[in-house]
Each structure stands twice: as structure tokens, then as C-alpha cells.
Amino acid sequence: MERLRLSINIVVDATHLRLQQATHSPSALLRRLRFPQGGLIEVLKAAEVFDQAVGIIRSRLLANRTVTKGSSIPLLSRCDVELLSELSGCKEHNRITDCSSCFHRKYRTIDGSCNNLDHPLWGVSETPFLRLMPAEYEDGIGLPVGWSQPKPSARLISQRIIATKQVSPSTQYTLMLMQVGQFLDHDIDIAPVSPSGIVFNSAEPDSLTSCDDICHNDAPCFPIQVPENDPRIRRECLSFTRSSAVCGTGAASLLIGDVGIHREQLNAITSYVDGSQIYGSTNVTAKILRRNDGTGRLWAGNTVEGFEDKYFLPFDNNSLVDCNTGVNSDRSGCFLAGDVRVNEQVGLTTMHTLFFREHNRVVKILTSLNPHWDGERLYQEARRVVISEWQNIVFSEYVPKIIGSKYVEKYSGYDSSVDASIANAFATAAFRFGHSQIMPLFPRLNSNYDPSSIGPLRLQDAFFAPFRLLEEGGIDPLLRGLVSSPVKLRTSHQGLNNNLTEALFAQVCTCSCLYLHLGSELLYMH
């Protein structure tokens with residue numbers, strides 16, 4: 001088992017190194033965005049060790065003809081599998097939570113634990129997504145549909161069904177509806193990608209074949225086939241890596257003959273609307289973001305020229321994503337926030353900047369009113385105020401516009417018996433409707449709400465481009481555009497605008513850019 005652990009560590013380290021050295025390819029960008037951070041990577045390494053151990057045991061039994069392929073006869077007892085799970089490291093990361101402290105009656109924890117005092121681990125970061133319906137895998141256990149029996153290419157469906165050149169503006173809602181939706185999504189779910197973007201070969205552990213180098217299905221690689229005569233893409237396939245599995249799920253079914261233990265996916269962040277995209281979902285992230293000087297403030301970066309109180313977010317010196325694409329690239333870089341996707345596009349970065357500034361503004365007011373409070377009290381009280389503001393926006397303004405006020409009115413109040421964990425189908429499919437609200441342009445307006453001299457920003461130029469905030473007027477022009485310009489109208493025949501399907505990440509790609517990762521996630525996310 002130790003040798004297997006060492007081999008997995010080599011594979012994961014090699015994947016991380018390749019991501020650091022990779023060119024600005026779309027597949028590398030997507031993996032960087034969802035690559036596990038901090039302590040989560042150790043949790044997912046344990047899951048990889050468990051899966052590979054199961055595979056090795058089963059393959060040796062097959063080789064010795066102890067069992068036939070496809071057999072559901074138990075090979076090991078549940079106790080044996082429990083021991084295997086323990087040896088793999090799965091149980092090292094099990095949590096024991098004590099909610100008896102007075103802290104939990106007043107403030108939220110960073111990781112979501114003790115939010116529900118009756119079920120303290122519901123909705124916590126780094127726990128499984130819920131299932132609304134039984135999982136549907138090709139083998140009933142963990143292989144995605146289309147693994148051995150190919151389905152129509154996600155790229156083809158993107159072109160024929162999802163993409164649209166026509167865009168109709170809404171006459172009812174502004175572009176801020178879309179942007180609040182994305183900011184909300186990044187508060188409640190992200191499925192981390194497998195930490196090993198390299199095929200593991202137990203017979204040749206030193207053989208490192210990247211998912212970028214193959215066009216056949218070989219875990220964790222699940223490439224998307226490019227249709228013949230594709231108008232833009234000239235290669236056979238598009239690299240795609242599966243999401244990580246929850247440790248002990250899926251593979252165990254092969255050993256104990258119980259298909260009920262199907263593969264599950266992990267939500268890396270809290271499921272609650274708790275401002276985790278502002279403050280983080282782990283204590284490590286939260287400590288990095290906050291100042292340790294007794295002020296209760298969050299770290300700030302540069303200020304907008306001419307405005308001493310308008311700070312930008314701090315820079316992330318350890319980001320896997322390269323944001324150094326500005327005119328003054330020596331001072332450009334990726335911003336740091338509570339969620340790793342903060343730099344994905346400048347509208348989203350604008351929201352992060354707005355709420356980070358709000359925290360520090362509230363701290364300033366609380367400090368003047370309560371000069372005797374220490375830094376911890378100031379931080380927690382300001383965080384509580386900001387989360388309340390954010391929740392009011394979500395539940396009073398956003399949700400009624402999405403599902404209708406009559407359904408909101410049916411809410412009967414808090415019920416501790418309801419698990420608030422995000423459902424797999426919601427995170428990977430249902431909430432993706434927001435992509436159909438994205439316009440191809442971000443309007444930028446001056447203080448008179450007239451078009452700014454810097455002009456609108458094309459969507460494909462807005463990705464991983466925080467320098468546009470630093471060098472092109474800060475967040476104000478974008479905020480004015482978001483609150484006064486129409487959101488894209490969602491219709492059955494106008495899905496995702498072509499800027500998403502054909503030119504996403506153009507700003508940071510050295511290639512001829514991107515396939516539709518949104519469509520592929522909808523169809524083949526796990």
C-alpha cells in the first residue's frame with residue numbers, strides 16, 4: 001500500500017508540474033480552475049489510492065481466474081473493504097465536530113460545520129453532493145455513460161443544438177441578474193477535477209501518459225471526440241478529465257458485489273449561502289485572506305488611481321492560472337479571493353471586489369462604534385453583516401426572479417431535518433441555465449451612464465483578465481453596465497451565444513481557442 005501511495009504521489013505531483021508548465025490551452029485552463037487546493041488534495045489522493053488498490057486486486061483475481069469479468073460475486077467482505085479504505089487514507093480525513101461552543105450560536109464556521117446544529121456535517125465543504133435520483137452509470141457503479149458505448153459528441157451537440165448566433169435582450173431584467181447568479185454559484189458548489197490528470201499504470205508506475213496525449217477513454221481521461229469536418233478544430237479529440245470521486249465510493253462495489261455503492265462526487269466548498277466565495281471554505285484560506293493585525297480587515301491590494309478608499313483585491317502569488325496578459329503585465333496578475341474562480345471573467349471579479357470592499361467598510365464603521373472590540377470580534381461581526389446582506393440579495397431579489405414569487409412564498413421556514421447539501425444534478429446541470437443569460441458584450445459606462453470612452457468589453461476578452469480592472473477604470477464602469485444593460489433573454493432556440501461556444505478564453509489562449517466546455521460538462525461532467 002505504501003508503494004501505491006508513493007506512486008499516486010508521483011502521478012499527482014507530475015500533474016501539478018505539468019499544469020504549471022502547460023501552455024495557455026483550454027484544457028489546461030479548465031483543469032487549473034478546478035484543480036484541488038490545500039488539504040483537499042490529500043483527501044483526493046486517498047480516493048485515488050483506494051480506487052487503484054481496488055483495480056489492482058480485481059485485475060489479479062481476473063488474471064488468476066478467481067472471478068470472471070462482469071461478475072457481481074463478493075470477492076471481499078465489507079470488513080476487508082473497510083480495512084482497505086483505512087489503509088488508503090480515506091478515514092484519516094473523517095471529521096469529528098463539536099458544536100457545543102457559544103461561538104456556533106452566534107457566528108458561522110468557515111467550512112459550514114455546525115450550521116445545522118442537529119446535523120453538523122450537512123452542507124460542509126469537502127463532502128459529497130446529494131442525489132435527487134439514483135445515479136445512472138454505464139456499469140451501474142462508476143463508468144460514465146458513453147465510456148464503452150459512445151454517445152454523440154458533446155462538441156457536435158454544442159454546435160447543432162446549444163450554440164446560437166442570435167441574441168435577444170430581455171425587456172425585464174438587467175445583466176446583473178446573470179452576474180449575481182454566477183457569484184451565487186461560486187458560493188455553493190465546485191466539483192474538483194481528479195488530481196491525477198495522468199493515466200496510472202500499476203505495472204509501469206513510472207509511465208506518465210497525460211490526458212492531453214490520448215484520445216481514448218482511460219481513467220481519469222474522458223476525451224471529447226471532435227466530429228469530422230469540424231469548422232474550426234483540426235484535432236481528433238479535446239482533452240477532458242473526470243471529476244474526483246468521494247473516497248470509498250464506486251470501486252468498492254466491484255469487490256463486495258453490491259452495485260449500491262456507486263461513485264459519488266465531492267463538493268469542495270460549503271453548500272450554504274454563506275459568502276464562502278468572499279471568505280473561503282476552509283480555515284486555511286480564511287486565514288490567508290484576513291489581516292492578522294487586530295483590525296478585522298481583509299487583505300487589500302492596490303488602489304484605483306485617484307481614489308484612496310477603492311482597493312483592488314490582493315494578488316495571488318501561487319495561482320496556477322496565468323493572468324499576466326495586460327499592457328503592463330509586470331504588475332498584472334491573478335487576484336486572490338475566497339473562491340479560486342475569482343479571475344474567470346471581469347464581471348465576476350467585479351462582484352468579488354465589491355463584497356471584499358464592503359467587508360472592510362463595515363469593519364471601519366464597527367471600529368468607530370465599538371473601539372473596545374478586538375480584531376476577531378470585528379472580523380466575525382462584519383462577516384455576519386456582509387453575509388446577511390448577500391443572503392438578502394439572493395433570497396429577496398434573485399431567487400424570486402428565477403423561480404417566481406409564488407414558489408418563494410411556499411417556503412415555510414427553517415427545517416433542520418432538510419439536508420441543505422447541494423444536489424449533484426443541480427450543480428452540474430440545472431443551475432447551468434445561467435450560461436444562457438450571458439451576453440456577448442460587457443457594456444462599460446461613465447458616471448453619467450453614457451458609454452465610456454474605453455468602450456464595451458467583448459466576452460472573449462474578459463476571461464482571466466483582471467488587468468482590465470487595473471488598467472481600464474476599475475470596477476465602476478462595469479458595475480454601471482451590469483445594472484443598466486439587459487440580460488440575454490432565455491429562449492428554447494437561443495441557447496449559448498457563440499462567444500461562449502467558439503471563443504471562450506481567447507484572451508489567454510495561444511491556440512485558436514476553445515471548444516464548449518459548458519456543453520461537455522452538462523453531458524459528461526462526471
Side-chain angles (χ1 to χ4, degrees), residues 1 4 8 43-91 127-151 154 191-197 199-202 211 216-223 240-267 421 423-425 427-429 520-526:
M1 187 63 75
L4 182 57
I8 293 297
V43 176
L44 301 182
K45 278 183 183 178
E48 295 275 338
V49 171
F50 180 84
D51 280 359
Q52 294 300 335
V54 168
I56 291 170
I57 292 171
R58 185 168 173 78
S59 64
R60 289 183 179 178
L61 290 173
L62 283 169
N64 295 332
R65 296 188 179 181
T66 307
V67 64
T68 58
K69 195 170 184 178
S71 171
S72 60
I73 299 174
L75 308 178
L76 296 176
S77 69
R78 287 184 179 271
C79 289
D80 292 332
V81 173
E82 283 287 318
L83 177 60
L84 186 62
S85 174
E86 186 174 341
L87 293 173
S88 300
C90 293
K91 291 192 174 184
T127 55
F129 286 103
L130 288 182
R131 292 278 180 184
L132 298 179
M133 297 179 67
E136 187 173 332
Y137 288 106
E138 189 173 276
D139 60 351
I141 297 171
L143 291 182
V145 173
W147 187 266
S148 58
Q149 302 171 12
K151 298 293 183 181
V193 73
S194 170
S196 59
V199 176
F200 177 79
N201 186 337
S202 60
C211 289
H216 60 275
N217 298 332
D218 198 344
C221 315
F222 192 28
F240 191 79
T241 308
R242 295 187 73 188
S243 297
S244 294
V246 173
C247 203
T249 66
S253 295
L254 297 170
L255 295 180
I256 62 176
D258 181 359
V259 295
I261 312 177
H262 50 257
R263 182 184 176 105
E264 297 288 8
Q265 288 75 40
L266 198 74
N267 187 0
S421 300
N424 202 315
T428 59
S520 61
E521 284 181 336
L522 280 167
L523 294 169
Y524 298 138
M525 187 65 172
H526 301 309

Taking all heavy atoms of [X] and all of [Y], pick out the closest pair and write down the distance.
X    : Y    : value
S243 : Q265 : CB-CG, 4.2 Å
P128 : L266 : N-CD1, 4.1 Å
A245 : L44  : O-CD2, 4.2 Å
A191 : F129 : CB-CE1, 3.9 Å
I141 : D139 : N-OD1, 2.9 Å
R263 : T249 : CA-OG1, 3.7 Å

Side chains of P195 and S244, heavy atoms from C-beta outward: is any pair under 4.5 Å? yes
N267 and S421, any side-chain heavy atoms less than 4.5 Å apart: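 They are not in side-chain contact.
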Quick one: do F222 and N217 satisfy side chain to side chain contact (heavy atoms under 4.5 Å, CB included)? Show the steps, please. CA-CA 5 Å; F222 192 28; N217 298 332; 3.2 Å; yes
Going by distance alone, is a donor N or O of one side chain under 3.5 Å from an acceptor N or O of the other, for E48 and S196?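 Checked: E48/S196 side chains pair up, N/O donor to acceptor below 3.5 Å.
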Without swapping roles, check the side chain of E138 against the backbone of S148 for a donor-acceptor pair under 3.5 Å.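 Confirmed, E138 side chain pairs with S148 backbone.
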Donor-acceptor under 3.5 Å (Y137 side chain, H262 main chain):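 Pair absent, no side-chain N/O of Y137 close to backbone of H262.
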Working to the nearest 0.5 angstrom, can you tell me the gap between E264 CD and T127 OG1?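 Interatomic distance, E264 CD to T127 OG1, rounded to 0.5 Å: 11.5 Å.
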